[in-house]
Amino acid sequence: MMNQYDLQNSLRFFFIRELSLACDIVYDGYKFPETRPLVTIEPMQNNHASLSKQREAIQSIYRFQIGLRANNAVELAQLQERITNAFLFEKIPYFNTQVSVDEPVGFFVVDLTAVVPMPAEDINKHSERHKVYFDIEIENIKRR
């Protein structure tokens, strides 16, 4: 059974190991480093819906916002296309972090729901330039 903690870590491992990109999980108090390119993962609102009258099966949709910060517009466009293609076509290894972070226990796919470029509010701040956000969903059916 998939859970949010393992999903976000599996995404992080995917970016680091498969796409060779630095990746952090954003948490309260997180400070963005100056390192570029950088991928960030932020958990968003999750939804759960009962699929059967006796609550034998529950659909859980986990949502994440994936941020990409690049050094320049060319790097941003190239990495944006690479990440988009990975989300559209790749199966991502799922790790149960309580068991192993080296051997996946399965795979999952993501639904890419939006790619949102973010213009800089302050052009003088390098950390505000050349960024895009990917909104993704991961569906999981939980059974008793």
Side-chain angles (χ1 to χ4, degrees), residues 1-121 126-144:
M1 185 178 325
M2 290 192 280
N3 65 62
Q4 181 172 318
Y5 180 79
D6 288 340
L7 284 169
Q8 66 190 19
N9 278 289
S10 295
L11 286 166
R12 182 172 177 270
F13 296 150
F14 179 76
F15 284 113
I16 293 169
R17 297 172 183 174
E18 305 296 325
L19 300 181
S20 300
L21 293 168
C23 182
D24 286 342
I25 296 171
V26 176
Y27 52 86
D28 287 342
Y30 177 84
K31 294 188 192 243
F32 289 92
E34 292 299 318
T35 306
R36 301 289 182 269
L38 174 67
V39 174
T40 56
I41 300 168
E42 292 183 66
M44 304 301 281
Q45 172 186 338
N46 300 328
N47 288 80
H48 307 281
S50 180
L51 299 177
S52 64
K53 289 183 180 180
Q54 299 298 315
R55 298 176 70 159
E56 296 293 325
I58 303 292
Q59 175 194 45
S60 296
I61 298 176
Y62 296 97
R63 291 183 177 85
F64 297 93
Q65 186 174 67
I66 309 298
L68 170 62
R69 289 167 167 72
N71 289 301
N72 55 55
V74 172
E75 183 180 62
L76 180 69
Q78 292 171 338
L79 290 175
Q80 179 179 333
E81 191 69 23
R82 195 165 148 219
I83 292 170
T84 297
N85 287 338
F87 284 151
L88 294 173
F89 300 113
E90 298 290 325
K91 289 183 178 178
I92 298 173
Y94 179 75
F95 294 88
N96 179 336
T97 58
Q98 298 297 312
V99 176
S100 172
V101 295
D102 295 318
E103 293 296 323
V105 295
F107 295 87
F108 63 94
V109 295
V110 302
D111 291 324
L112 179 61
T113 60
V115 180
V116 183
M118 296 299 292
E121 292 178 18
H126 178 71
S127 63
E128 294 294 316
R129 294 186 283 180
H130 313 300
K131 65 183 176 185
V132 66
Y133 288 99
F134 304 86
D135 294 336
I136 64 168
E137 295 181 349
I138 302 165
E139 180 182 346
N140 182 34
I141 306 297
K142 297 180 179 184
R143 293 177 173 43
R144 266 188 221 229

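Note that these values count all heavy atoms, side chains included, but never hydrogens, waters or copies made by symmetry.
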>> Between Y133 and M118, is the side-chain contact (heavy atoms from CB on, under 4.5 Å) condition met? List the steps.
In response: CA-CA 7 Å; Y133 288 99; M118 296 299 292; 3.2 Å; yes
Taking the side chain as every heavy atom from C-beta outward, state whether [X] and [Y] have any pair of such atoms under 4.5 Å apart.
X: Y62; Y: N47; value: no
X: I138; Y: D111; value: no
X: I61; Y: N46; value: no
X: N9; Y: I25; value: yes
X: F108; Y: E139; value: no
X: V132; Y: L76; value: yes
X: C23; Y: L38; value: no
X: Q80; Y: F134; value: yes

Starting at [atom1] of [X], measure out to [atom2] of [Y] and round the result to the nearest 0.5 Å.
X: R69; Y: E75; atom1: CZ; atom2: CD; result: 13.5 Å
X: F14; Y: I92; atom1: CZ; atom2: CD1; result: 5.0 Å
X: I41; Y: Q8; atom1: CD1; atom2: CD; result: 7.0 Å
X: I136; Y: F87; atom1: CD1; atom2: CZ; result: 4.5 Å
X: N140; Y: S60; atom1: CG; atom2: OG; result: 6.0 Å
X: Y94; Y: F107; atom1: OH; atom2: CZ; result: 13.5 Å

> Would I83 and L68 count as a side-chain contact (heavy atoms from CB on, under 4.5 Å) if you check the C-alpha gap in whole Å, the side-chain angles of each, and the deciding distance to 0.1 Å?
Replying inline: CA-CA 9 Å; I83 292 170; L68 170 62; 4.0 Å; yes
>> Does E42 form a side-chain contact (heavy atoms from CB on, under 4.5 Å) with I66? I'd like the steps, not just the answer.
In response: CA-CA 6 Å; E42 292 183 66; I66 309 298; over 6 Å; no
If you measure only the distance, is there a donor-acceptor pair under 3.5 Å linking the side chains of [X] and [Y]?
X: R129; Y: N71; answer: no
X: Y30; Y: D24; answer: yes
X: T97; Y: D6; answer: yes

>> On a heavy-atom basis, which atom in S10 and which in F95 lie closest, and how many Å separate them?
In response: OG-N, 2.9 Å
> Nearest heavy-atom pair of I58 and S50: which atoms, and what distance?
Replying inline: CD1-CA, 3.7 Å
>> Between V110 and E137, does the side-chain contact (heavy atoms from CB on, under 4.5 Å) criterion hold? Intermediate values first, please.
In response: CA-CA 6 Å; V110 302; E137 295 181 349; over 6 Å; no
>> Check for me whether R82 meets the cation-pi criterion with F89, that is, NZ or CZ under 6.0 Å from the six-membered ring centre and within 45 degrees of the ring axis.
In response: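 Relative to the ring axis of F89, which defines the angle, R82 lies outside at least one limit.
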